[in-house]
> 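Below are the structure tokens for one structure; questions will follow.
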Amino acid sequence: MSQADKMKQGQFTNPETPGYVGFANLPNQVHRKSVKKGFEFTLMVVGESGLGKSTLINSLFLTDLYPERVIPGAAEKIERTVQIEASTVEIEERGVKLRLTVVDTPGYGDAINSQDCFSTIISYIDDQFERYLHDESGLNRRHIVDNRVHCCFYFISPLGHGLKPLDVQFMKAIHNKVNVVPVIAKADTLTLRERERLKRRILDEIDEHGIKIYHLPDAESDEDEDFKEQTRILKASIPFAVVGSNQQIEAKGKKVRGRLYPWGVVEVENPEHNDFLKLRTMLITHMQDLQEVTQDLHYENFRSERLKRGGRKGPEPEEMDKDMILQEKEAELRRMQEMIAKMQAQMQKQGDGEGDM
Amino acid sequence: MSEAVVPDNMMSPAVGGLYGEKAGGPVVDFSYVGIDAILEQMRRKAMKQGFELNIMVVGQSGLGKSTLMNTLFKSKVSRKSVLATGQEKIPKTIEIKSISHDIEEKGVRMKLTVIDTPGFGDQINNENCWQPIMKFINDQYEAYLQEEININRKKRIPDSRVHCCIYFIPPTGHSLRPLDVEFMRRLSKVVNIVPVIAKADTLTLEERDFFKKKIREDLRANGIDVYPQKEFDEDTEDRMINEKIREMIPFAVVGSDQEYQVNGRRLLGRKTKWGTIEVENIAHCEFAYLRDLLIRTHMQNIKDITSSIHYEMYRVRRLNENNTVVAHANGIPEHHLAAHEM
């Protein structure tokens with residue numbers, strides 16, 4: 001055997017184990033590539049104003065997403081309708097980049113008549129799906145920006161005795177479009193017993209109305225016991241009762257994030273006080289799963305609905321499409337011709353100018 | 001110069017009784033008439049008659065209205081305690097439910113009526129949710145008016161007029177909601193409104209101060225006059241006391257009907273993992289101020305304003321609407337009605 005052949009053999013075999021091909025290296029390559037590319041995640045927060053949504057988001061991601069926030073007074077609230085505000089922030093931790101978009105919905109549930117307050121939100125979600133569908137069906141698919149809403153935190157007020165009629169209606173309207181994670185806000189209003197009672201009440205009402213909230217996937221059988229136990233605990237704690245804060249308070253000699261009351265300190269990161277840590281764990285360990293479910297379930301649902309609907313439009317859809325495509329192509333041609341003409345004119349001017357010099 | 005003759009057996013005022021003797025022999029005060037003895041007579045009469053108080057509680061479900069009523073009167077006076085506790089379902093329309101109790105303390109009897117308004121502010125569309133409540137209040141005024149203009153009217157007209165309406169503001173920490181503004185704007189014209197911040201154990205002290213300031217600004221901006229109203233202050237002493245109160249409203253309250261052991265004493269409170277909130281501790285919440293205002297210091301004033309101002313406004317409006325109809329129905333010409341004004 002010549003030297004070249006021997007080298008060829010060496011390329012495909014690892015001297016350590018015979019029969020080793022080497023594709024076990026693939027996950028590392030994927031990992032490196034994704035780390036370079038970074039991750040995208042869009043989180044939507046919905047709830048009445050004053051439930052601590054912004055504080056919770058800031059606490060979860062240890063940033064200040066709303067630096068110039070102005071909370072409107074009662075008079076301005078009367079005329080307001082629901083708005084959609086998306087803020088994007090790039091967070092980096094240990095070399096891994098996350099492009100986090102938080103979609104806030106100020107004005108939800110504020111008006112005296114909240115009948116239409118979620119049509120804006122639903123059109124936003126549909127728009128993102130529409131845009132993704134359009135990009136996916138387009139010619140250049142290399143840099144599709146994924147702005148679809150991967151997860152929606154729905155904030156339930158701890159003051160009531162369960163879900164309000166508005167909560168039920170809203171969740172039923174979006175549970176087929178986005179992963180809904182119900183969260184009990186401002187949980188320091190509740191004693192432990194009240195909290196358990198409220199959680200049970202909410203779960204019962206969710207069952208009663210047939211609302212499909214996001215279910216954590218069961219741990220695989222080959223995962224270690226710790227992970228399985230953690231998943232079990234997380235599943236048992238839904239809906240999470242959270243308290244958010246970014247203020248550092250001195251408690252028992254150490255500095256913790258919490259809220260200072262005359263009767264004690266509520267620690268944000270104390271699992272006995274609230275479920276903040278559980279919510280954060282869930283979000284982080286299941287970010288990938290949330291994205292997958294959005295892609296495989298909600299987006300596919302939307303896509304099949306959309307394409308079915310698109311087919312039914314017009315008497316002869318194929319011909320209409322051809323005509324439309326022709327028209328679009330002609331419009332593009334015209335635009336490009338105009339651009340060329342403009343560029344020619346500019347070059348002419350430059351040429352004249354230089355000629356003068 | 002003639003002095004008032006004071007007979008020997010009428011002594012200078014003593015606490016016990018009018019004709020009681022002061023220890024140490026009779027002392028005759030020649031300038032004493034005895035007018036102030038009327039206070040004692042009034043007191044005796046009031047004890048015999050008893051008092052009536054009608055409080056209405058308004059707010060979204062879950063704000064602790066029933067618990068607060070139970071805490072205020074230290075007994076189970078709310079609707080929920082009286083009825084069988086089943087699942088608390090939000091009613092589809094607003095209902096008005098009155099529960100009356102006779103309570104007694106140190107010989108003083110009171111007929112307390114708590115008027116609850118379940119369903120307020122809970123629907124998706126809350127437009128005009130104040131209408132059933134306005135109607136109820138006006139109906140009570142109407143009932144009183146009808147009794148009053150009767151020819152043969154009762155010696156003591158049963159008073160079912162709403163003396164005070166406690167409005168529960170949810171502790172968002174931001175500002176008043178449009179629903180709060182609309183409701184208080186309309187109802188402050190017909191009834192005394194006392195706004196309170198419900199479940200105030202959700203706010204830290206700074207958040208509480210900020211929220212209160214914001215609420216007072218919102219109230220001022222919308223021209224809402226809550227109790228104690230500025231325009232009804234009678235003299236400087238009243239004004240001073242009421243100004244102090246006005247700087248503190250709305251009171252941030254926490255209610256509880258469960259007792260816990262704190263520092264060796266049994267107190268009403270809420271026990272959590274991070275501490276126990278004492279309801280009557282003014283460092284924790286302002287329940288004590290609310291209780292003092294409603295019961296210990298301003299109860300009579302609340303009733304007076306209801307009867308002499310709110311009710312009178314209603315009465316004037318009503319009588320002007322059907323001035324001839326009412327007068328002729330009772331056989332009294334209109335100008336005589338004015339003479340019967342209380």
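Each chain gets a letter, A, B and so on, in the order its sequence line appears, and its residues count up from 1.
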> May I have all residue pairs that pass ring-ring contact (aromatic ring centres under 6.0 Å, His included) and include part of residues 162-186 of chain A, sequence neighbours excluded?
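Those involving residues 162-186 of chain A are Y108(A)-F170(A), F118(A)-F170(A), Y154(A)-F170(A).
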> For chain A, which candidate among D122(B), I124(B), N125(B) shows the most heavy-atom pairs at distances under 4.5 Å?
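Winner by heavy-atom pair count: I124(B).
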> What are the two closest non-hydrogen atoms of P171(B) and L159(A), and how far apart are they?
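Smallest interatomic distance, heavy atoms only, reads CD-CD1, 3.5 Å.
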> Report, as yes or no, whether the 6.0 Å neighbourhood of atom NZ on K235(A) holds more than 12 heavy atoms from other residues, nucleotides or ligands.
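Yes, enclosed.
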> Under the side chain to side chain contact (heavy atoms under 4.5 Å, CB included) test against I112(A), which residue among N128(B), V181(B), N126(B) passes?
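Among N128(B), V181(B), N126(B), the one that satisfies the side chain to side chain contact (heavy atoms under 4.5 Å, CB included) with I112(A) is N126(B).
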> Nearest heavy-atom pair of W274(B) and V265(A): which atoms, and what distance?
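Looking at all heavy atoms of both residues, the closest pair is CB-O, 3.3 Å.
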> In Å, rounded to the nearest 0.5 Å, how long is the span from CD of E48(A) to CZ of R177(B)?
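Spacing of CD (E48(A)) from CZ (R177(B)) equals 7.0 Å.
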> Donor-acceptor pair, distance only, cut-off 3.5 Å: does the side chain of K186(A) make one with the backbone of T172(B)?
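Here the side-chain-to-backbone pair exists.
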> Are more than 12 heavy atoms, taken from residues, nucleotides or ligands other than Q247(A), located less than 6.0 Å from that residue's CD atom?
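Open.
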> What residues, two or more places apart in sequence or in another chain, satisfy side chain to side chain donor-acceptor pair (under 3.5 Å) together with R200(A)?
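Checked R200(A) against side chain to side chain donor-acceptor pair (under 3.5 Å); zero matches.
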> Pick one of side chain, backbone, both or neither for K273(B), based on which atoms fall under 4.5 Å of a heavy atom in chain A.
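Contact with chain A involves both backbone and side-chain atoms of K273(B).
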> Roughly how far, to the nearest 0.5 Å, is OG1 of T202(B) from CG of D188(A)?
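One gets 4.5 Å once the value is rounded to the nearest 0.5 Å.
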> Please state whether the side chain, the backbone, both or neither of E267(A) comes within less than 4.5 Å of a heavy atom of chain B.
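It is neither, since no heavy atom gets under 4.5 Å.
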> So what's closer than 4.5 Å to chain A heavy atoms on E127(B): side chain, backbone, both or neither?
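Contact with chain A: backbone and side chain both.
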> Is it the case that over 12 heavy atoms from other parts of the model lie below 6.0 angstrom from the CG atom of D207(A)?
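Enclosed.
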> How about L205(B): does its CG atom have over 12 heavy atoms from other parts shown lying under 6.0 Å from it?
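Enclosed: over 12 neighbouring heavy atoms sit under 6.0 Å from CG of L205(B).
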> Please determine whether the number of non-hydrogen atoms from other residues, nucleotides or ligands lying under 6.0 Å from atom CZ of R265(B) exceeds 12.
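Not buried by this count: 12 neighbours or fewer within 6.0 Å.
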> What part of A221(B) lies closer than 4.5 angstrom to a heavy atom of chain A: side chain, backbone, both or neither?
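The answer is neither part of A221(B).
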> Measure the CG-NE2 distance between D110(A) and H174(B) for me, rounded to the nearest 0.5 Å.
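The NE2 atom of H174(B) is 9.0 Å from CG of D110(A), to the nearest 0.5 Å.
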> Among the options L63(B), L203(B), I215(B), N281(B), pick out the one with the most heavy-atom pairs lying under 4.5 Å from chain A.
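Looking at each option in turn, the highest pair count goes to L203(B).
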> Might you point out which heavy atoms bring T272(B) and L190(A) nearest each other, and give the distance in Å?
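Residues T272(B) and L190(A), closest heavy atoms: CG2-O, 4.4 Å.
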> Count the heavy-atom pairs under 4.5 Å between each of E207(B), E278(B), E217(B) and chain A, then report the option with the highest count.
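So the answer, after comparing E207(B), E278(B), E217(B), is E207(B).
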> For A185(A), enumerate each residue passing the side-chain contact (heavy atoms from CB on, under 4.5 Å) test, keeping only those at least two apart in sequence or located in another chain.
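Partners of A185(A) by the side-chain contact (heavy atoms from CB on, under 4.5 Å) criterion, ordered by chain and then number, come out as L51(A), F155(A).
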> Could you look at T276(B) and say if it's the side chain, the backbone, both or neither that has a heavy atom under 4.5 Å from chain A?
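Only the backbone of T276(B) comes within 4.5 Å of chain A.
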> Just checking heavy atoms, which of residues 255-262 of chain A are less than 4.5 Å from chain B?
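Answer by number: R259(A), L260(A), Y261(A), P262(A).
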